Participant: 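Have a look at this one before I ask anything.
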Amino acid sequence: MNVLVVNAGSSSLKYQLLNTDTREVFAKGNCERIGIDGSFIGHEENGVKDKLEVELPDHRTAIKHVFDILKTVDAPIEGIGHRVVQGGWYFPESAVVTDETLGWVREVAPLAPLHNYAEADVIEICREMFPELGNVIVPDTAFHYNMPEKAWRYAIPRDVVDKYHVRKYGAHGTSHRFIWRTVHEMMGDKTHKLVSCHLGSGASLCAIEDGKCMDTTMGLTPLDGLIMGTRCGTVDPATVFYLNRVAGMSIDDIDTMMNKQSGLLAVSAKSSDSRDIEEGANSGDANCQMAMDMFYYRTSQLFAEMAASMEGVDTMAFTAGIGENSVTMRAGVAERLKWMGVEIDPELNKIRSDEPRVISTPDSAITVLVVPTNEELMIALDVEELLGK
Ligand code: ADP
């Protein structure tokens, strides 16, 4: 089945057209700066990258352009999969778009206002413009929906939890689900308790026992948990009250600070990109070294937390930008987990490849893998399953 996967942000729209049987990617790209001056589409087809300077006043225009561009590709679109950041309390799994399910995406949007409204708009536009095509909602939270109550419940009053749906939702669920699937294909019965480590500019860990999410490090929003590119991860929640009352910062200021000006960027005082930070540390920048040390410290701590939530762990998988590419960061995290029996082979760790691979020694108590994630394929497979071939 040829599936168009759409990932809409507030000012961007990523797309990928792929076939679920052959897994061939026919074309992909990103509409950038939607509604902002200087908009363009970065399009890639047959390995050739193109930058198309077009006016993109809104998502409707962007979608129109995407369909026009894809008309020349010899793979008619048979279904559309939409990544939705927040499925809230409605989506334990992906779902076909109907008036009802689309309404749910809007209803839970206050939990992820920057994403869900744009995503809902784009779904609506696709339905309107191409009524003959089926659309599927693939929420990033769905994989975490059925984690045990003791994992998702916050210890705040029950009426507040119920009325405002305050709980742990997690994120990166589509990636964690793909990682489980791939690890399971490779390891078979040797893997029962996996900690999937999605380390990109956003980062989260997920404890997965026999395919089921047992806990994850992101919370009500993707701000919680690990130290990320520009997000602070877990801090004492009272930091917010303190900054508001004592420093006179508004809630919006604190929101911006914690989401956009914190994390590796803040600690390194240099960059949110791990490559720049590694380079800085190598040339003796103490702030960059601290950013890396803190990244290892928190990632290894939360790894142990995820293991504790399963009362054990047999497999660890690194994925996403940092997890797939950074030899140094993988080694740094693994070093801090030696006490748990993690032992990676430095030579295997150095190998660069697009294939999933084991990088631990045969004696390691925990098998460690690097698994390139493929959220688009996972979304497309859901579309195929729900809409049929
Ligand atoms: P997201 O999808 O959340 O934006 P990615 O998974 O693409 O993030 O990860 C982006 C991050 O991965 C970059 O900020 C960078 O820190 C890191 N990264 C990407 N490539 C490399 C590399 N070759 N070596 C080290 N780090 C890398």
Side-chain angles (χ1 to χ4, degrees), residues 5-16 28-30 32 42 44 83-86 112 114-115 138 140-141 170-179 182 196-206 216-218 221-233 259-283 285 287-289 291-296 298-299 317-334 349-354 356-357 359 370-379:
V5 176
V6 176
N7 181 355
S10 53
S11 65
S12 70
L13 189 146
K14 290 191 195 129
Y15 59 91
Q16 188 173 122
K28 62 182 176 182
N30 193 6
E32 296 192 45
E44 192 179 332
R83 181 199 185 212
V84 166
V85 162
Q86 178 55 265
L114 288 180
H115 289 96
V138 182
D140 228 12
T141 50
H172 294 144
T174 307
S175 173
H176 291 305
R177 186 155 57 99
F178 181 82
I179 299 305
T182 309
S196 167
C197 308
H198 182 110
L199 309 176
S201 50
S204 71
L205 308 184
C206 185
T216 187
T217 57
M218 283 177 168
T221 76
L223 185 58
D224 206 0
L226 297 170
I227 297 175
M228 302 173 229
T230 63
R231 291 183 214 141
C232 57
N259 274 294
K260 303 224 152 87
Q261 300 158 354
S262 296
L264 295 174
L265 173 66
V267 180
S268 70
K270 185 183 172 97
S271 171
S272 62
D273 191 305
S274 71
R275 285 162 288 198
D276 300 334
I277 296 171
E278 280 182 38
E279 206 179 285
N282 286 339
S283 51
D285 183 324
N287 291 338
C288 288
Q289 189 57 56
M292 290 176 71
D293 288 347
M294 284 174 70
F295 187 84
Y296 305 151
R298 286 295 291 152
T299 307
F318 284 103
T319 193
I322 296 172
E324 290 170 31
N325 296 300
S326 176
V327 176
T328 314
M329 301 288 251
R330 283 197 300 258
V333 173
N349 187 30
K350 270 190 223 155
I351 295 171
R352 295 195 177 275
S353 162
D354 292 333
R357 57 204 181 270
I359 60 164
V370 178
V371 182
T373 194
N374 193 340
E375 287 156 289
E376 290 78 12
L377 176 60
M378 196 72 248
I379 291 172

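It should be emphasised that the depicted structure is a prediction, and the values quoted were computed from it without experimental measurement. Sequence positions, counted from 1, serve as the residue numbers for this chain. Just follow the structure's listing: the first ligand is 1, and inside any ligand the first atom is 1. Side chains included, hydrogens not; waters and symmetry mates left out as well; all remaining heavy atoms used.
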Participant: I'd like the residue list for ligand 1, meaning every protein residue with a non-hydrogen atom under 4.0 Å from the ligand.
Facilitator: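 Lining ligand 1 at under 4.0 Å, by heavy atoms, one finds Gly200, Ser201, Gly202, Asp273, Ser274, Arg275, Ala320, Gly321, Ile322, Asn325, Ser326.
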Participant: Hey, are the side chains of Asp140 and His115 touching, using non-hydrogen atoms and a 4.5 Å cut-off?
Facilitator: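 No, every pair of side-chain atoms sits at 4.5 Å or beyond.
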Participant: Can you check side chain to side chain donor-acceptor pair (under 3.5 Å) on His176 and Ser204, steps first, answer last?
Facilitator: CA-CA 9 Å; His176 291 305; Ser204 71; 2.9 Å; yes
Participant: Apply side chain to side chain donor-acceptor pair (under 3.5 Å) to residues Ser326 and Ser274 and explain how you reach the verdict.
Facilitator: CA-CA 8 Å; Ser326 176; Ser274 71; 5.2 Å; no
Participant: For a 4.5 angstrom cut-off between non-hydrogen side-chain atoms, does His198 reach Thr319?
Facilitator: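 Yes, close enough: below the 4.5 Å cut-off.
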Participant: Checking side chain to side chain contact (heavy atoms under 4.5 Å, CB included) for the pair Val370/Ile351: CA distance, chi angles, key distance, verdict?
Facilitator: CA-CA 10 Å; Val370 178; Ile351 295 171; over 6 Å; no
Participant: Does the side chain of Arg352 come within less than 4.5 Å of Val327's, by heavy atoms?
Facilitator: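 Side-chain contact under 4.5 Å: yes.
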